[in-house]
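Okay, structure first, notes after.
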There are 2 protein chains.
Amino acid sequence: MAEDGLQVPAASVARLPLYLRCLEELCANGVATVSSSRLAELAGVNAAKLRKDLSHLGSYGTRGVGYEVINLTHEIQRELGLDEQSPVIVVGLGNLGQALAKHGGFGDRGFPIVALFDVQPDIVGMQIGDLVVAHFDDLAGIVAHYKARTAIISTPADAAQQVTDDVIAAGITSVLNFAPTVVQVGEGVALRQVDLALELQILSYYQPRSDSERDTKLRLSV
Amino acid sequence: MAEDGLQVPAASVARLPLYLRCLEELCANGVATVSSSRLAELAGVNAAKLRKDLSHLGSYGTRGVGYEVINLTHEIQRELGLDEQSPVIVVGLGNLGQALAKHGGFGDRGFPIVALFDVQPDIVGMQIGDLVVAHFDDLAGIVAHYKARTAIISTPADAAQQVTDDVIAAGITSVLNFAPTVVQVGEGVALRQVDLALELQILSYYQPRSDSERDTKLRLSV
DNA sequence: TAGATTGTTAATCGATTAACAATC
DNA sequence: TAGATTGTTAATCGATTAACAATC
């Protein structure tokens with residue numbers, strides 16, 4: 001139960017947004033009630049794991065029936081702290097940063113992008129979507145004005161640590177780093193790192209290879 | 001030892017590209033030898049974990065000395081199957097797809113993007129970087145021509161499953177899905193899914209909150 | 001009631017980490 | 001040799017899953 005102050009295990013926390021996405025799709029399709037086995041199928045996970053994950057939030061299902069879609073949606077949103085909108089800033093407006101800034105998926109899910117920052121003279125002042133890129137020197141005032149707590153870092157690797165330090169100094173407490181380098185943050189700051197090329201390198205290991213001396217790791221479907 | 005055909009644990013596989021990135025940075029800085037504790041520090045992981053991960057590849061360190069940077073780089077590349085370039089296709093050239101297509105980081109790390117596909121009349125024919133967007137109807141021939149085995153899916157959610165099925169039918173065996181929906185693949189196909197907004201929702205849980213009835217989960221640094 | 005499905009238990013599995021013998 | 005660091009052991013920790021009593 002959330003009221004107990006018990007932590008939800010990290011592996012469960014990482015799956016809750018996935019369930020949320022599936023629930024929202026069910027809701028959009030007019031489905032009112034869903035069983036753990038059906039929701040697990042949609043999310044691509046084991047049904048027992050899903051029930052275990054949900055049990056950390058409390059008992060919101062009905063035995064013999066399932067979960068009420070709208071109710072469970074709200075409980076997961078509450079647990080994740082998605083009750084209110086969280087303004088987000090983006091630092092580094094190269095190709096990826098521009099795409100992230102124009103990407104509607106953040107605002108749709110409670111994370112409106114409110115400000116963009118760069119230092120390049122040819123990028124500062126550029127209009128991207130509804131926003132104009134500000135100079136990184138103006139960070140502190142703008143972050144304070146919007147009460148932004150979350151930053152997306154999409155700078156080159158060699159700038160990422162300094163930018164991270166600076167946004168934290170300006171009041172940011174959640175950092176999503178897309179720069180291909182490890183950044184360090186102190187306690188009290190939440191951090192996730194996404195490296196797009198790294199994902200392809202992980203996939204490479206599982207790619208069936210016949211040319212190598214190693215046995216094929218996955219068989220093609222029968 | 002890789003020659004034994006023993007599988008490297010999934011958690012270790014997911015970290016090997018991270019070590020690789022750190023090693024390449026060390027190499028660029030002219031560092032010839034590195035200890036597990038230094039490399040672990042750069043990668044942001046525990047040193048014992050790093051040594052355990054590397055032990056699955058074989059014994060490539062020297063006690064009392066450390067690891068030779070170039071040698072270890074090659075061993076990790078070999079283990080991941082990064083010996084040769086892997087041509088990649090991108091399907092769905094919206095904001096994100098365009099950014100991924102222009103993103104130099106893939107080609108730099110052995111994954112040159114060789115073809116782009118969409119179905120929208122205003123996108124097919126568009127030049128993005130060095131490439132022109134092809135129609136998805138021409139998928140099979142182009143995949144065969146480039147011998148592409150890896151696909152990046154950046155379509156809307158409602159198209160992702162059909163696109164995934166089609167690229168697999170065309171010969172793709174590794175799929176990196178950015179569409180915000182779960183896609184299912186059969187055996188013999190490797191799959192990873194990245195949902196950008198989902199990362200922000202996970203961060204939200206760990207964001208210190210004083211307004212909630214729940215205790216703050218992380219303290220601000222002392 | 002009978003059928004269905006949750007919430008939880010307990011067993012298993014896999015990942016992490018400190019410690020240290022091996023050894024350069 | 002003495003100091004340093006790997007590779008591995010073993011203990012611990014956390015995650016997964018099948019099974020089923022509880023119960024709608």
Side-chain angles (χ1 to χ4, degrees), chain A residues 1-4 6-19 22-23 26 31-69 71-73 75-76 79 202 205-206 217, chain B residues 1-4 6-19 22-23 26 31-69 71-73 75-76 79 202 205-206 217:
Chain A
M1 336 283 171
E3 286 73 18
D4 296 1
L6 294 175
Q7 291 250 17
V8 180
S12 290
V13 170
R15 284 186 294 263
L16 291 178
L18 180 63
Y19 305 150
C22 297
L23 287 166
L26 287 169
V31 176
T33 304
V34 68
S35 67
S36 63
S37 57
R38 174 67 181 138
L39 186 54
E41 184 186 30
L42 290 171
V45 303
N46 178 290
K49 185 194 284 185
L50 179 135
R51 290 200 299 277
K52 182 85 164 172
D53 287 341
L54 296 183
S55 74
H56 295 114
L57 317 190
S59 295
Y60 299 115
T62 305
R63 288 166 203 245
V65 179
Y67 300 88
E68 198 196 324
V69 171
N71 181 41
L72 187 57
T73 299
E75 293 300 340
I76 294 178
E79 186 67 26
I202 296 169
Y205 177 83
Y206 296 102
K217 296 205 170 58
Chain B
M1 335 283 168
E3 287 73 18
D4 296 1
L6 294 174
Q7 290 251 17
V8 180
S12 291
V13 170
R15 285 186 294 264
L16 291 177
L18 180 64
Y19 304 150
C22 297
L23 287 166
L26 287 169
V31 177
T33 303
V34 68
S35 68
S36 63
S37 57
R38 175 66 182 137
L39 186 55
E41 184 186 32
L42 290 171
V45 303
N46 178 289
K49 185 194 287 185
L50 179 135
R51 290 200 300 277
K52 183 85 165 170
D53 287 342
L54 296 183
S55 74
H56 295 114
L57 317 190
S59 294
Y60 299 115
T62 305
R63 288 166 202 245
V65 179
Y67 300 87
E68 199 196 322
V69 171
N71 181 42
L72 187 56
T73 299
E75 293 300 340
I76 295 178
E79 185 67 26
I202 296 170
Y205 177 83
Y206 296 102
K217 296 206 170 57

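Protein chains get the first letters and strands the later ones, always in sequence-line order, with residue 1 at the start of each.
The nearest whole Å value for the distance from the CG atom in A/Asn46 to the P atom in D/dA15 is 15 Å. Note: CD (A/Glu68) to C1' (C/dT6) measures 15 Å, nearest angstrom. In this entry the distance linking NE2 of A/His56 with C1' of C/dT9 reads 13 Å, nearest Å. Atom CZ in A/Arg63 sits about 5 Å away from atom C1' in D/dA22, given to the nearest Å. Between A/Asn71 atom CG and C/dT6 atom C1' there is a gap of 14 Å when expressed in whole angstrom units. The interatomic distance linking A/Lys52 (NZ) with D/dA15 (C1') rounds to 9 Å, in whole Å. In this structure, A/Tyr60 atom OH and C/dT6 atom P are separated by 16 Å, rounded to whole Å. A straight line from CG of A/Asp53 to P of D/dT17 spans 11 Å, rounded to a whole angstrom.
A heavy-atom distance below 4.5 Å is not found between the side chains of A/Arg38 and A/Tyr67. Contact check for A/Thr62 versus A/Thr33: no side-chain heavy atoms found under the 4.5 Å cut-off. In this structure, A/Leu26 and A/Leu39 have side chains that are in contact, with non-hydrogen atoms separated by less than 4.5 Å.
Within the structure, every side-chain polar atom (N or O) of B/Tyr67 is placed at least 4.0 Å from both OP1 and OP2 of C/dC24.
In this structure, the side chain of A/Tyr19 does not engage the main chain of A/Leu72 through any donor-acceptor pair within 3.5 Å. In terms of modelled atom types and a separation under 3.5 Å, the side chain of B/Tyr205 and the main chain of A/Val8 share a donor-acceptor contact.
Which of D/dA15, C/dA15, D/dT16 sits closest to the side chain of B/Ala10 comes down to C/dA15. The side chain of B/Arg51 approaches D/dG7 more closely than any other nucleotide in the set D/dT17, C/dG7, D/dG7.
Atoms NE2 and CG, from A/His56 and A/Leu16 in turn, are 9.5 Å apart once rounded to the nearest 0.5 Å. Once rounded to the nearest 0.5 Å, the distance linking CG of B/Leu42 with CG of B/Leu23 reads 9.0 Å. Within the model, atoms NZ of A/Lys52 and OG of A/Ser36 stand 14.0 Å from one another, a figure rounded to the nearest 0.5 Å.
The two residues B/Ala47 and B/Ser37 come nearest to each other via the heavy atoms CB-CA, 4.0 Å.
A/Ala48 comes within 4.0 angstrom of a nucleotide base, judged by non-hydrogen atoms across all strands. Across all strands shown, B/Ala47 has no heavy atoms under 4.0 Å from either base or sugar-phosphate atoms.
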Check your understanding: Dot-bracket, DNA chain C: Watson-Crick or G-U, under 3.5 angstrom, [ ] crossing, | other strand?
Key -> ..||||||||||||||||||||||
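Of all the residues in residues 34-41 of chain B, B/Ser35, B/Ser36 reach under 4.0 Å from DNA chain D with at least one non-hydrogen atom.
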